[in-house]
Structure formats: structure tokens, C-alpha cells
Number of protein chains: 2
Amino acid sequence: MNSKLEAFVMHCGEMGSRWGFNRTIGQMCGLILISKNPLTANEISDALNISRGNVSMGIKELQAWRLIQVQHIPGDRKEYYAPAGDIWTLALRVFEERRKREVDPTLSLLRDNLLTEPSNDAELYALEQMQQIHDLLETITHWAAELPKMGPEKLNTLMRLGAGVGKVLDMKDKFLNSADK
Amino acid sequence: MNSKLEAFVMHCGEMGSRWGFNRTIGQMCGLILISKNPLTANEISDALNISRGNVSMGIKELQAWRLIQVQHIPGDRKEYYAPAGDIWTLALRVFEERRKREVDPTLSLLRDNLLTEPSNDAELYALEQMQQIHDLLETITHWAAELPKMGPEKLNTLMRLGAGVGKVLDMKDKFLNSADK
DNA sequence: TTAAAGTTTCAGTAATTTCTGAAACTTCGG
DNA sequence: CCGAAGTTTCAGAAATTACTGAAACTTTAA
């Protein structure tokens with residue numbers, strides 16, 4: 001394989017654990033992403049030099065993340081794997097899956113906790129802090145749920161606006177106010 | 001310690017590795033967050049039942065993340081540790097730090113890679129995919145850099161709008177167009 | 001029904017990450 | 001300069017996580 005492409009795949013491996021999976025799965029993900037044609041499990045195993053069993057587990061995991069899909073080629077019994085969509089779709093899936101793993105459990109613990117009555121000063125403070133965290137996580141969750149509803153173009157517009165969006169929000173208020181009159 | 005509070009701290013420990021650090025550091029972070037008063041390293045060590053050395057490393061790490069700050073109490077030589085700001089501030093710091101670790105290295109690798117000329121079909125495809133990833137990550141980076149410039153209130157407005165922000169963007173266009181005429 | 005082609009599982013092993021605790025270091029008052 | 005109070009470092013041990021490969025399982029075509 002071309003050395004630049006290989007470098008990319010290896011990099012995905014190194015980043016794997018930071019992205020929420022492990023080295024092997026990172027590599028697999030990178031490889032499938034940049035391969036023009038769908039790959040079989042054996043091809044993956046050979047290309048990355050990892051055991052067939054490991055590839056099988058990796059595929060299961062990548063399917064759980066909804067990042068790859070199976071394809072079949074007529075007259076061929078093997079399963080071929082390809083990315084489950086374009087880059088935006090995949091990024092949203094990673095984002096969503098990570099939210100599920102990194103935010104949801106905490107949110108639910110906090111909800112439980114916040115039903116408690118504080119019985120002293122220290123507890124009151126702790127509960128207040130937890131309330132803050134809860135509110136923040138809830139806002140993020142709410143927002144994340146809306147993200148995929150916008151198309152990629154709109155998301156791009158929004159992101160490119162950056163802090164400029166603040167001005168647009170102000171404008172919105174002005175607009176609405178003048179409409180009120 | 002109250003069992004609910006303890007549950008929260010332990011939960012932070014369990015989530016620690018998902019949030020980008022490890023169990024101990026997660027616990028420390030949770031504990032400091034909900035403690036009304038700043039804590040010494042020894043208090044942390046006792047409360048969490050972890051070795052003094054481990055606490056020392058954890059503090060260093062949490063300082064690298066800019067999540068805690070040192071405080072001194074007059075006439076006391078010990079160092080006291082407290083959160084480095086309100087919840088929004090801390091969340092932004094985690095977000096930023098994670099971006100540095102999870103996105104930046106990939107972005108720089110992709111930039112390098114994209115200087116290459118493709119020498120065949122497969123490579124052309126791979127480079128196109130990398131370009132997509134590159135563009136996405138660059139957009140995210142750009143956007144993330146703007147985030148802290150908005151105050152918490154504006155961020156809240158934005159987040160609460162959710163997909164509704166799409167409509168505001170449309171409105172912006174309408175507004176600008178009518179101004180053009 | 002059989003066997004060939006392919007996939008999954010999982011016990012054991014390897015690799016990695018985290019933690020401990022003792023020794024080294026720092027800082028400060030006297 | 002000394003020693004007490006405090007902090008940091010780091011080699012080795014413990015805990016966790018990931019990987020292999022062989023056996024079990026599944027599917028399909030003849």
C-alpha cells in the first residue's frame with residue numbers, strides 16, 4: 001500500500017483509543033474509510049496484520065457504532081464491508097454514540113441525586129454544583145439531538161459563522177421586536 | 001461522606017476514562033467539584049483512599065487540563081485545590097483540551113498527506129476521502145475556537161434554539177437580501 | 001446430508017495502563 | 001545550617017484491556 005495511505009491508517013490506530021475505541025478498531029475504521037472498494041474480513045486481517053478473530057470483534061464493534069455496513073457481491077458468499085455513509089454522517093454517529101456513553105449515564109445519575117434534600121451546608125453546595133452540571137449536560141443533549149436534523153450545508157453555514165452567530169441571534173431579536181410593533 | 005455525594009464521586013471515577021482521563025483522576029475531579037472548601041492533597045488521598053503519590057500525579061494532570069487551581073490559606077503552608085472556574089468554564093476547557101488531543105494531530109497529518117499527488121485510482125479516492133475528513137475537522141476546529149468567545153448566556157440561547165437555528169439562518173439571509181435592495 | 005467456505009466465540013496470553021510507597025527533593029522558620 | 005512539613009518522582013507491582021488462534025458454529029450449494 002502507498003506509504004501515505006498506510007501512514008493514515010496507522011495514525012487512526014494511534015488515535016483509536018482517544019476516539020473511543022482501540023488501536024485495532026481505529027486502524028480498521030481508517031482502512032475501510034479510504035478504500036475505494038468494500039473489503040472482506042480476510043483482506044482487513046491481511047492488510048493490518050491482525051488476527052482473523054480480532055477483525056471479527058472489530059467489525060461487530062464498528063457495526064455497533066453504525067460506522068460500517070455489510071455489502072454482498074452477487075455470486076460471492078463473502079461479506080464485504082464499507083463505510084456506512086459520507087463523512088458527515090459518520091462524524092455525527094461518532095458524536096452521538098459518544099454522547100450516549102459519556103453523557104447519558106451521568107445525566108441519569110444526576111437526575112436521581114437531585115431528588116435528594118440537602119441536610120447540611122456542604123451537601124447543599126454539592127447539590128447546587130450537580131444542578132449546574134445537570135443543566136449543562138441537558139442543554140448539550142438537547143442540542144445534540146437537533147444536530148442531525150439539520151442538513152450538512154446548514155451545519156456548515158452554522159459552523160463557519162462561529163461566534164458570528166451571536167450577531168445573528170441579536171439580529172433575530174431586533175427583527176422580532178420590530179415585527180412586534 | 002453522604003452516600004449520594006459519594007455515589008457521584010465514584011461515578012466520576014467510572015466515567016473518567018471515557019472523559020479522557022483515568023479512574024483516579026475522574027474521582028479527584030468530581031470530589032473537588034462538589035467540595036465547598038478547597039482540599040489539600042492529603043484530604044484527597046484520604047477521602048478517595050488512594051496513595052499520596054497518585055494524588056500528586058493526578059493534580060499535575062488536572063492542572064494540565066486547567067480544571068483546578070491552587071489556593072493558599074494565610075499562615076498555612078499547605079496547598080489547597082479548588083475548581084478553576086464555573087461549570088461552563090470547566091466544560092469548555094475539557095472540550096478544548098480534548099480537541100487538541102483528538103483532532104489536532106489528525107488535522108496536521110492530513111494536511112501533510114494532502115500535499116501528495118495521487119498516482120492511481122485507489123489513491124485518488126483515498127485522498128478525496130481524506131480531504132473530506134480534513135475539511136470537516138477544520139470546520140469543527142474553527143467553530144470550537146469561537147465558542148469561548150461567546151458568553152454562557154449566548155451559548156445557552158444558541159443551544160436551546162437547536163435545529164431552530166436553521167430558521168434564524170434563513171431569516172438572516174432574508175434580512176440581508178432586503179437590505180441589499 | 002455433506003463438506004466447503006466463511007464467521008464467531010472465548011480461554012489463555014500479551015501488552016498497556018495505572019497505582020503504590022519509599023526515597024529524593026523543596027521550602028521555610030528558627 | 002537544621003529539621004519539620006510538605007511535595008514530587010519513579011521503579012516495580014497490580015489491574016485492566018486487547019489480541020491470538022484454535023475450536024465451534026453457520027450458511028450454502030450440490
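First the proteins, then the strands, lettered A, B, ... as listed; each starts at 1. Small disclaimer: the values here were computed from a predicted structure and weren't measured.
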Using distance alone, with no hydrogens and no angle criterion, decide if Tyr125(A) and Glu123(A) have a side-chain donor and acceptor under 3.5 Å apart.
-> no
Roughly how far, to the nearest 0.5 Å, is the CD atom of Glu138(A) from the CZ atom of Arg111(A)?
-> 5.0 Å
Point-to-point distance, once rounded to the nearest 0.5 Å, from CG of Leu114(B) to CG of Leu110(B) | 6.0 Å
At what distance, to the nearest 0.5 angstrom, does CG of Asn113(A) lie from OG1 of Thr106(A)?
-> 11.0 Å
Dump the intermediate steps for salt bridge (Lys or Arg N to Asp or Glu O under 4.0 Å) on Glu97(A) and Arg93(A), then the final yes or no.
-> CA-CA 6 Å; Glu97(A) 193 65 32; Arg93(A) 298 231 167 123; over 6 Å; no
Euclidean distance, atom OH of residue Tyr81(A) to atom C1' of dG6(C) [Å, nearest integer] | 10 Å
For every nucleotide of nucleotides 18-30 of chain D, 5' to 3': is a protein heavy atom under 4.0 Å from its base (B), only from its sugar-phosphate (S), or from neither (-)?
-> SSBB-----BS--
Send over the distance from His72(B) NE2 to dT27(C) P, rounded to a whole Å.
-> 11 Å
Rounded distance (Å) that lies between atom P of dT18(C) and atom CG of Leu48(B) = 17 Å
Could you tell me whether the phosphate oxygens of dT7(C), OP1 or OP2, come under 4.0 Å of any side-chain nitrogen or oxygen in Lys78(A)?
-> no
Report the distance from atom CD of Gln27(B) to atom C1' of dT18(C), rounded to the nearest whole Å.
-> 12 Å
Considering only distance and modelled atom types, tabulate donor-acceptor pairs under 3.5 Å from the side chains of residues 127-134 of chain A, sequence neighbours left out.
unit_1, atom_1, unit_2, atom_2, d
Gln129(A), NE2, Leu33(B), O, 3.0
Gln131(A), NE2, Asp135(A), OD1, 3.0

Salt bridge (Lys or Arg N to Asp or Glu O under 4.0 Å) involving Asp86(B) - partner list, sequence neighbours excluded | none
Expressed in angstrom and rounded to an integer, what is the separation of Lys60(B) atom NZ from dG6(D) atom P?
-> 21 Å
Using Watson-Crick and G-U wobble pairs with both distances under 3.5 Å, what is the 5'-to-3' dot-bracket string of DNA chain C, with [ ] for crossing pairs and | for pairs outside the strand?
-> ||||||||||||||||||||||||||||||
Return the value, rounded to whole Å, for the distance between atom CD of Glu79(A) and atom C1' of dT8(C).
-> 11 Å
Output all residues satisfying ring pair (Phe, Tyr, Trp, His ring centres under 6.0 Å) with Phe21(A), sequence neighbours left out; order by chain, then residue number.
-> Trp65(A)
Integer-rounded Å distance: dA4(C) P and Asp76(A) CG | 18 Å
State which residues pass salt bridge (Lys or Arg N to Asp or Glu O under 4.0 Å) with Arg66(B); sequence neighbours excluded, sorted by chain then number.
-> Glu96(B)
